[in-house]
Amino acid sequence: MSEKTIPVLPCRTIQPVLDFYTALGFEVTFLQKSPNPYAVVQRDGMQFHFFGMKHYEPAESFSTCIVQTDDIDGLYETFRGRLKEAYGRVPNRGLPRIGPLKNTSHGVRQFLMSDPGGNCIRVAQPTSDSQHHRQAPKETFARALHHAGLLADSKEDPEAAAKIIDRALRLPDERPTPVQLLRLLVLRADVATRLGDEGAATGALSAASAVALTVEERESAREDLERLAQLSE
């Protein structure tokens, strides 16, 4: 027996969605404009079907699916490069957008990408045999990073993530390590960007850029520094 699962996702209008996926390197393999708008796009082993709904609101969408890959880093760089070429920049807020590549607390390395229809495509590569979330750390700032990261990405609640980070950074009697501070500020800039809060994003990026790190600390924070560079573009 051979089975294949194909997501069928909603959108208000078909063409902006097709433009987005063709920019990513997908091919439109089917298009029906009427009476019921419907389209299919495919790239290697990824295939998505879309249907049009006149009164659908993309910004309020909860539709999502998971794409598993064995080359998450390569696919991320390819998609970012193609989006930058198509849009003149890498879209990281609003619709469409592509989020950061990161290791999660549930054993996968992933990035989230939302198309113009509001559909969230979770592109992931397993890094562990266990898909259960690890327990939150007990140390103050590691715990803040853990919970803020979950809220920002798994739950897509940047407002709640921002509150956790701001609360941690205002603690009067505790200070994060330089690497923790960098990570908190980069994540704060990330969620501020998603929320369209340019002032908070600029402030967090400036503060993150000013964090002094040793060579060893820079290596341990390599992905956070890469994300800092991406957000500063």
Side-chain angles (χ1 to χ4, degrees), residues 1-83 85-86 90-92 95-135 149-157 194 223:
M1 297 178 64
S2 177
E3 290 80 26
K4 184 176 183 179
T5 300
I6 299 173
V8 182
L9 303 169
C11 60
R12 181 185 293 169
T13 53
I14 293 286
Q15 194 56 52
V17 172
L18 298 184
D19 292 342
F20 176 75
Y21 284 95
T22 53
L24 291 174
F26 284 75
E27 178 186 359
V28 178
T29 59
F30 178 81
L31 175 58
Q32 174 180 287
K33 295 185 178 180
S34 64
N36 301 308
Y38 198 94
V40 179
V41 299
Q42 183 157 355
R43 185 185 192 276
D44 300 324
M46 293 176 283
Q47 184 179 123
F48 304 125
H49 291 215
F50 299 96
F51 64 96
M53 295 177 62
K54 286 185 179 180
H55 303 295
Y56 178 75
E57 180 49 63
E60 298 177 1
S61 174
F62 291 96
S63 57
T64 187
C65 70
I66 296 173
V67 173
Q68 285 197 336
T69 178
D70 59 4
D71 184 19
I72 188 72
D73 289 79
L75 198 57
Y76 183 66
E77 289 306 314
T78 296
F79 281 178
R80 276 183 54 86
R82 284 183 170 274
L83 289 175
E85 182 178 351
V90 179
N92 52 26
L95 295 174
R97 66 178 180 270
I98 185 170
L101 175 63
K102 59 176 62 178
N103 294 315
T104 72
S105 64
H106 57 278
V108 299
R109 184 166 171 77
Q110 71 172 19
F111 64 92
L112 276 57
M113 181 173 66
S114 294
D115 65 27
N119 304 296
C120 178
I121 312 299
R122 298 172 179 265
V123 187
Q125 182 173 352
T127 58
S128 170
D129 292 334
S130 172
Q131 302 301 297
H132 293 286
H133 282 286
R134 69 176 186 269
Q135 289 188 340
L150 284 178
L151 288 165
D153 297 319
S154 295
K155 292 191 176 182
E156 292 198 84
D157 189 349
R194 298 187 215 179
E223 291 193 351

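Looking only at side-chain heavy atoms (C-beta outward), Phe51 and Cys11 stay at 4.5 Å or farther from each other. Looking at heavy atoms from C-beta onward, Gln47 lies in side-chain contact with Lys4 at the 4.5 angstrom threshold.
Under a 3.5 Å cut-off, the side chain of Thr69 and the backbone N or O of Asp71 do form a donor-acceptor pair. Under the 3.5 Å distance criterion, the side-chain polar atoms of Arg194 are matched with a main-chain donor or acceptor of Ala152. At distances below 3.5 Å, not a single donor-acceptor pair connects side-chain atoms of Ser128 with backbone N or O atoms of Gly107. One N or O on the side chain of Gln32 and one on the backbone of Asn36 form a donor-acceptor pair closer than 3.5 Å.
Around atom CD of Glu85, no more than 12 heavy atoms belonging to other residues, nucleotides or ligands sit under 6.0 Å away. Crowding of Ile6 atom CD1: a count of heavy atoms from other residues, nucleotides or ligands under 6.0 Å exceeding 12.
Under the side chain to side chain contact (heavy atoms under 4.5 Å, CB included) rule, Thr64 has a single partner from Pro7, Ser114, Cys120, which is Cys120.
A salt bridge is defined here as a Lys NZ or Arg NE, NH1 or NH2 lying under 4.0 Å from an Asp or Glu carboxylate O, and Glu27 with Arg43 fails to meet this definition. No salt bridge links Arg97 with Asp115; every basic N to acidic carboxylate O contact stays at or beyond 4.0 Å.
For Phe111 and Tyr76, the ring centers sit closer than 6.0 Å to each other.
Classified by interplanar angle (parallel below 30°, tilted 30° to 60°, perpendicular above 60°), the ring pair Tyr21/Phe50 is tilted.
Here the closest non-hydrogen pair linking Gly117 and Tyr56 is O-CE2, 3.1 Å.
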(Q) What verdict does the side chain to side chain contact (heavy atoms under 4.5 Å, CB included) test give for Ile72 and Leu101, after you've listed the backbone C-alpha separation in whole Å, the side-chain angles of each residue and the deciding distance to 0.1 Å? (A) CA-CA 8 Å; Ile72 188 72; Leu101 175 63; 3.5 Å; yes
message: Using the rule given for side-chain hydrogen bond (donor to acceptor under 3.5 Å, both in side chains), can you reason through Asn103 versus Arg109, listing the C-alpha separation, both sets of side-chain angles and the distance that settles it, and then say yes or no?
response: CA-CA 4 Å; Asn103 294 315; Arg109 184 166 171 77; 3.3 Å; yes
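Here the CG-CZ distance, from Asp153 to Arg122, works out to 8.0 Å after rounding to the nearest 0.5 Å.
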